[in-house]
Amino acid sequence: MTFSRREFVKQNGKISALLFLPYSSMAILKYNFMSGNNTYDVIIVGGSYSGLAAGMALGRALKKVLIIDDGKPCNRQTPHSHNFITHDGEAPAAIAGLAKLRVSRYETVQFFKGLATNGIKTQYGFEITVASGKTFAAKKIIFATGIRDILPGIDGLAACWGISVLHCPYCHGYEVRHEKTGILGNGEFAFDFARLISNWTNDLALFTNGTSTLTAAQREKLEKHHINIIETEIESLEHINGELQHVIFRDGTRSFVKAIYAPVPFEHHCAIPASLGCQLTAEGYIKIDPYQETTITGVFACGDNATAMRTVANAVAMGTTAGMTVSKKMILEAFDD
C-alpha cells in the first residue's frame, strides 16, 4: 500500500481524522497500520541461509518482514558444511539455527512455518498463500527457495546424498582428498567433471552406468590420466549410514569406493516464481539482475535458485544483497511518493 503526506488515521475501524504528517511520522503510522493484519513490507519465501540473510538486512532497515519456510533445506542430510569462513566444518542445521536466532532479535521480522503454494500480483504488490490456506500480502517478494536435486534411481544413492555421494568438490573435496573416488555420469559433462575432480585424487574412476558416450579423444585423455572408465550398469550402492562401501554392479561384481560425485539435474523447489512470470536462464536458474531482481518488477531471488554456486557463503552473500537492495528501493520509493 502506498502512503502520502495526507494520511487517514483509523480508530476502532473508523476514519477519525485527517493528518498532515512528516515522513518519519508516516513510517510509524504505516507500521502500526500494518501490524494488526497479514500485510508486510516484504515476504521472504524460504528461510535457510539466503532467506535469513535477506531477513537480517531488511530487519536492520526497519522493514516489516515475514519469512515463510517449511523447514526442509536441501542440505539437511549433509553432516558438515565447508568454505564458509566463520563456520567451516559445522553442521548445516547448527549454522542455520544460530542464524535464525540472530535474525529473531529484530522485532520487525516474523516467521511462519509452512509451505508457500501460490502467489499472485495485486494492485498494491503481491499475495502469497500457504498450504493451510492462509494468505499474506507484501509490496515486495524475495524467493530464497532453493532447488531440489533429481537423483538417479539407484538403490542406496539417496541415503548417501550429501554424505558420501557429493555434488561439489569445493564443498566436500578436501575431506575425501587422495581417496578412491568415483564420478557418476556420461558424455561431455562427465568428462569435464573428471578433469576437475582429478585435482583432489589420483585414484579416480568414471562410472558411465551403461555404454559410454565419450568421444575417442575424451577417452584417450582420461586414460592418459589413469582415470578408469567403467561402463557396467550399477545395481546399488552399499553403504553404512550413508558412508559408501562398494558400488554393486548388475553383473554381480563390485568396486570399493570412498566417495562418488554425482552431478545431477534439478528442479525448482517452488513453482511460484514461474507462475508470476519470472524468466529462467539457459541453465534453468531464475534470471536476476546484479541487484537480485527478477524479470518481474518487485520480485527478487537469491541463493541456489538463482546461481550454480551452491555454497552457504554464496547464499548468505546473495541474501544480504537482496535484502539491502529491496530495502533501499522501498525507502526511496516511499520518499519520492
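Bear in mind the structure is a predicted one, so any value in this text is a computation, not a measurement. Residue numbers count from 1 along this sequence.
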Can you check whether Ile288's main-chain N or O pairs, donor with acceptor, with Thr294's side chain at less than 3.5 Å?
-> no
Locate the shortest heavy-atom distance separating Leu52 from Ala96; write the atom from each residue and the value.
-> CD1-O, 3.7 Å
Without swapping roles, check the side chain of Asn83 against the backbone of Tyr170 for a donor-acceptor pair under 3.5 Å.
-> yes
Verify, without hydrogens or angle tests, whether His269 (side chain) and Ile147 (backbone) share a donor-acceptor contact under 3.5 angstrom.
-> no
Trace of the side-chain contact (heavy atoms from CB on, under 4.5 Å) decision for Ile163 with Thr78 = CA-CA 5 Å; Ile163 301 172; Thr78 304; over 6 Å; no
Do Trp200 and Tyr261 have ring centres separated by under 6.0 Å?
-> no
Path from Ile229 to Ile197 over hydrophobic side-chain contacts below 4.5 Å | yes
Determine whether Ile286 and Phe266 fall in the same hydrophobic cluster, where Ile, Leu, Val, Met, Phe, Trp and Tyr are linked whenever their side-chain heavy atoms lie under 4.5 Å apart.
-> no
Are any of the side-chain nitrogens in Glu231 or Arg219 under 4.0 Å away from the carboxylate oxygens of its partner?
-> yes
Would you say the side-chain atoms of Thr232 pair up with the backbone N or O of Phe249, donor to acceptor, closer than 3.5 Å?
-> no
Other residues, nucleotides, ligands: >12 heavy atoms within 6.0 Å of Asn241 CG | no
Apply the test side-chain contact (heavy atoms from CB on, under 4.5 Å) to residues Lys139 and Met330: give CA-CA distance (whole Å), side-chain angles for both, the deciding distance (0.1 Å), then the verdict.
-> CA-CA 9 Å; Lys139 191 167 185 179; Met330 296 190 75; 4.1 Å; yes
Qualifying residue for side-chain contact (heavy atoms from CB on, under 4.5 Å) with Val130, from Thr117, Ile68, Asn118, Leu115 = Ile68
What is the distance from atom CG of Leu206 to atom CG of Asn228, rounded to the nearest 0.5 Å?
-> 9.0 Å
Pair Glu179-Thr181, side-chain donor/acceptor within less than 3.5 Å = no
For Arg195, does the CZ atom sit with more than 12 other heavy atoms under 6.0 Å from it, leaving out its own atoms?
-> no
Would you please indicate yes or no on a ring centroid separation below 6.0 angstrom for Tyr40 and Phe112?
-> no
For Ser164 and Leu244 the tightest heavy-atom approach is OG-N, 3.1 Å
Would you confirm whether Ser236, through its side chain, and Asp155, through its main-chain N or O, come within 3.5 Å as a donor-acceptor pair?
-> no
So do Thr122 and Ile120 actually touch side chain to side chain, heavy atoms under 4.5 Å?
-> yes
Crowded around Glu220 CD? As in, over 12 foreign heavy atoms under 6.0 Å?
-> no
Nearest heavy-atom approach of Phe111 to Ser104 is CE1-OG, 3.4 Å
CZ of Phe191 to CD1 of Ile227, rounded to nearest 0.5 Å, is 8.5 Å
Between Phe143 and Phe300, ring centroids under 6.0 Å = no
Non-hydrogen side-chain atoms of Val42 and Ile141 separated by less than 4.5 Å = no
Is the CG atom of Asn202 crowded by more than 12 outside heavy atoms at less than 6.0 Å?
-> no
Between the side chains of Thr135 and Thr129, does any donor sit under 3.5 Å from an acceptor?
-> yes
Min side-chain heavy-atom separation Arg60-Tyr106 under 4.5 Å | yes
Closest non-hydrogen atoms of Gly119 and Leu276, given as atom of the first, atom of the second and distance, are O-CD2, 3.6 Å
On the 0 to 90° scale, with breaks at 30° and 60°, tag the Phe193-Phe189 ring pair as parallel, tilted or perpendicular.
-> parallel
Check for a donor-acceptor pair, side chain of Asp41 on one end and backbone N or O of Lys64 on the other, with a separation under 3.5 Å.
-> yes
Heavy-atom check, side chain of Tyr49 versus side chain of Ile95, under 4.5 Å | yes
Any salt bridge between Asp149 and Arg310, counting N to O under 4.0 Å?
-> yes
Considering all heavy atoms, the nearest Ile142-Cys302 contact | CG2-SG, 3.7 Å
Where do Ser50 and Val316 land on the side-chain contact (heavy atoms from CB on, under 4.5 Å) test, with the steps shown first?
-> CA-CA 5 Å; Ser50 205; Val316 170; over 6 Å; no
Taking atom NE2 of His246 as the centre, does the number of heavy atoms from other residues, nucleotides or ligands within less than 6.0 Å exceed 12?
-> yes
Any idea how His167 and Trp161 line up, ring-wise: parallel (<30°), tilted (30 to 60°), or perpendicular (>60°)?
-> tilted
Without swapping roles, check the side chain of Thr311 against the backbone of Asn314 for a donor-acceptor pair under 3.5 Å.
-> yes
Are Glu243 and Lys258 within salt-bridge range, i.e. N to O under 4.0 Å?
-> no
Separation of Leu58 CG from Ile43 CD1 (nearest 0.5 Å) | 12.0 Å
Same apolar cluster: Met324 and Val103, side chain cutoff 4.5 Å | no
Without swapping roles, check the side chain of Glu293 against the backbone of Gly298 for a donor-acceptor pair under 3.5 Å.
-> yes
For Val247, does its backbone N or O pair with a side-chain atom of Ser255 as donor and acceptor, under 3.5 Å?
-> no
d(Phe126 CZ, Ile128 CD1) to nearest 0.5 Å is 8.5 Å
Does some side-chain heavy atom of Leu166 sit less than 4.5 Å from a side-chain heavy atom of Val176?
-> yes
Value for CG (Asn38) from NZ (Lys134), rounded to nearest 0.5 Å, stands at 5.0 Å
Under a 4.5 Å cut-off applied to non-hydrogen side-chain atoms, are Lys329 and Thr325 in contact?
-> yes
Is any side-chain heavy atom of Met318 closer than 4.5 Å to a side-chain heavy atom of Gln292?
-> yes
Charged N to carboxylate O below 4.0 Å: is that the case for Lys140 and Glu333?
-> yes
Residue pair Asn186 / Thr213, side-chain donor-acceptor N/O under 3.5 Å | yes
For side-chain contact (heavy atoms from CB on, under 4.5 Å), just list the numbers for Thr108 and Leu62, CA-CA rounded to whole Å, side-chain angles, deciding distance to a tenth of an Å, and then say yes or no.
-> CA-CA 7 Å; Thr108 58; Leu62 311 180; 5.6 Å; no
Is there a donor in the side chain of Asn305 and an acceptor in the side chain of His268, or the other way round, less than 3.5 Å apart?
-> no
ILVMFWY network linking Ile154 to Ile230, side-chain heavy atoms under 4.5 angstrom | yes
Check: Asp203/Thr201 side-chain N/O donor and acceptor closer than 3.5 Å = no
Give a yes or no on whether the backbone of Pro92 and the side-chain of Ser81 come within a donor-acceptor separation of less than 3.5 Å.
-> no
Measure across Ala116 and Val45 and return the closest heavy-atom pair with its distance rounded to 0.1 Å.
-> CB-CG1, 3.7 Å
Heavy-atom side-chain contact between Ile234 and Phe207 under 4.5 Å | yes
NE2/His226: more than 12 non-hydrogen atoms of other groups inside 6.0 Å | no
From Ser327 OG over to Lys63 NZ, what is the distance, rounded to the nearest 0.5 angstrom?
-> 7.0 Å
